[in-house]
2 protein chains.
Amino acid sequence: MSNCDQCIVRQFSSLKALRKEELIKMANCKTSYTIKKGDPIFEEGDTVNGVYCVKEGVCKMTKLSDNGKDQIVKLAKPGELLGQRSLISEEAVNLSAIALEDMEVCFIPKSEIMGFFNENNQFSMNVMKNICDDLKIADDHMVNMAQKNVKQRLAETLLYLEENFGINEDNTLRLQLSREELAGIIGTATESCIRLLSEFKKLKLIELTGKKITLLDKIALKKIA
Amino acid sequence: MSNCDQCIVRQFSSLKALRKEELIKMANCKTSYTIKKGDPIFEEGDTVNGVYCVKEGVCKMTKLSDNGKDQIVKLAKPGELLGQRSLISEEAVNLSAIALEDMEVCFIPKSEIMGFFNENNQFSMNVMKNICDDLKIADDHMVNMAQKNVKQRLAETLLYLEENFGINEDNTLRLQLSREELAGIIGTATESCIRLLSEFKKLKLIELTGKKITLLDKIALKKIA
DNA sequence: CTTAAAGTATGACAAATATCATATTTTATT
DNA sequence: AATAAAATATGATATTTGTCATACTTTAAG
């Protein structure tokens, strides 16, 4: 069992508020998991009796819509806690979490989290702020879905991916998504997404090398979004 | 200054967790306002140093999108607290609150709320659950915006309006929205909204009497949504 | 290495939606 | 009550987006 005290990602999450003795307690009751690319951490409707702390890798949080398509609601990266909302609401999770890369996650049981909640005010405040941030982002996202067209949303998403997940040495977006997944973020048909990528390519806004995407003209992309 | 102890809407909000002495304290520092239909309680970007408790009337929470249209993110009714999120995030509000009917609201200053927060665990838990509910609703809403077409969203919204705000004695929807506002909820152009209402009317799903709307065939509307 | 399967790309077309124009109705104001 | 202004309604048309078909490319499995 590894030491939470040493874990780097803790600094980026609500858990940074925990005191030394709390960290030791947590290290004793947590469970570490390795999740392979494509595998779920949990799925919509599951009862998750705790939260997962993302230590390494990125996952998509998706919701199956009535028409059978998976909408990607959010991408989660190291430092984020998954399942906070359903833990507080005392409900099954309403989103699935699927690994986009090989991942390392730690499961912290509900009883432990609730203990911190009651005894460490800073920690509960951090969790609350996190959820508030998510709410604001969700509202903004909703407005974009309602008011922007697919081309604008694609441009915005490409910029978001570079901004939040960075680029490789060859300038391609670090986070590799399939066209279907990209379509699932912007909320459109896979073919429409592919078509617009081709259009952006023709306009020299981006470069496509197989699955890899490079942003060539961010100014122009920002104008579109 | 009226007595919070006696206020009915308290039962429907996070404030129901407050103890007698806390209610007396709150009654002493709150400010009551009457807001006329069409007037704002606060606007996007305002710094609101506290929360508003809706005592009477309904308001729309809107966000101005880049294309200049107001998207209605949420409708708030008696018992709801407005501005919770921005209070916790310590940010300006990201939504405007505009009265759809004449309203009565009470303003409770931040210092007071923070006091309850620190001393009354049930109260903070209630607020947190509230925000979690909002987050879930926002995520669902987002998926609908991304995956459902305008006709489906209109049908869904009409059912939502009856479900949540009820009907008058003549069976018309109690909450009267302009076509523009209805379009602002479902995220479409006003003309498209009007056109689809006309279509629903021809199909005998609804009845239109001026601004008033009656749902005639809820089964069929549910099928569409 | 070969083959099947999955993912990507593109054309053709249909459906959904936005935009602009204009008419009609309702509401507010004098 | 008369008039202006706003809201509602509808047609015509352009644009956007989805769907289906099919070809090509990459990846995975044997």
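Letters go in sequence order (proteins before strands), and every chain restarts at 1. These values consider heavy atoms only, across backbone and side chains, with no hydrogens, waters or symmetry-generated copies.
Between A:R179 atom CZ and D:dT27 atom P the separation is 12 Å, expressed in whole Å. Rounded to whole angstrom, the span from the CD atom of A:Q176 across to the C1' atom of C:dG7 amounts to 13 Å. As a whole-Å value, the separation of A:E181 CD from C:dA6 C1' is 13 Å. Counting to the nearest Å, the P atom of C:dT17 and the CD atom of B:Q152 are 9 Å from each other. Whole-Å rounding puts the B:L154 CG to C:dA16 C1' distance at 14 Å. Rounded to whole Å, the distance from NZ on A:K148 to C1' on C:dT17 is 19 Å. Separating the CD atom of B:E180 from the P atom of C:dT19 is a distance of 13 Å, rounded to the nearest angstrom. Taking atom CD1 of residue B:I224 and atom P of nucleotide C:dA16, one finds them 12 Å apart after rounding to whole Å.
In this structure, a donor-acceptor pair under 3.5 Å is absent between the side chains of A:Q147 and B:D66.
Relative to the six-membered ring of B:F107, B:K30 misses at least one condition, a distance below 6.0 Å or an angle of at most 45° to the axis.
Of the residues B:E169, B:E101, B:E162, the one that meets the side chain to side chain donor-acceptor pair (under 3.5 Å) test with B:R174 is B:E101.
Using a 4.0 Å cut-off between charged nitrogen and carboxylate oxygen, B:K151 and B:E199 count as a salt-bridge pair.
With C:dT17, D:dT19, D:dA9 as the choices, the nucleotide that has an atom nearest any side-chain atom of B:L208 turns out to be D:dA9. Nearest nucleotide to the side chain of A:K211, out of C:dG7, C:dT19, D:dT8: C:dG7.
For DNA chain C, the residues of residues 187-200 of chain B within the heavy-atom distance limit of 4.0 Å (strictly under) are B:T188, B:A189, B:E191, B:S192, B:R195, sorted by number.
Aromatic ring orientation, A:F165 versus A:Y160: perpendicular (interplanar angle above 60°, classes split at 30° and 60°).
When the side-chain nitrogen and oxygen atoms of A:K69 are compared with OP1 and OP2 of D:dT19, one or more of them lie within a distance under 4.0 Å.
Heavy atoms from other residues, nucleotides or ligands lying under 6.0 Å from CD of B:E163 number 12 at most.
Comparing B:G210 and B:N149 against DNA chain C, the residue whose closest nucleotide sits nearer the 5' end is B:N149.
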B:K74/B:D134 under salt bridge (charged side-chain N to carboxylate O under 4.0 Å, His left out): CA gap, chis, key distance, verdict
CA-CA 9 Å; B:K74 180 187 155 100; B:D134 279 351; 3.1 Å; yes
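Across all strands shown, B:K201 has no heavy atoms under 4.0 Å from either base or sugar-phosphate atoms.
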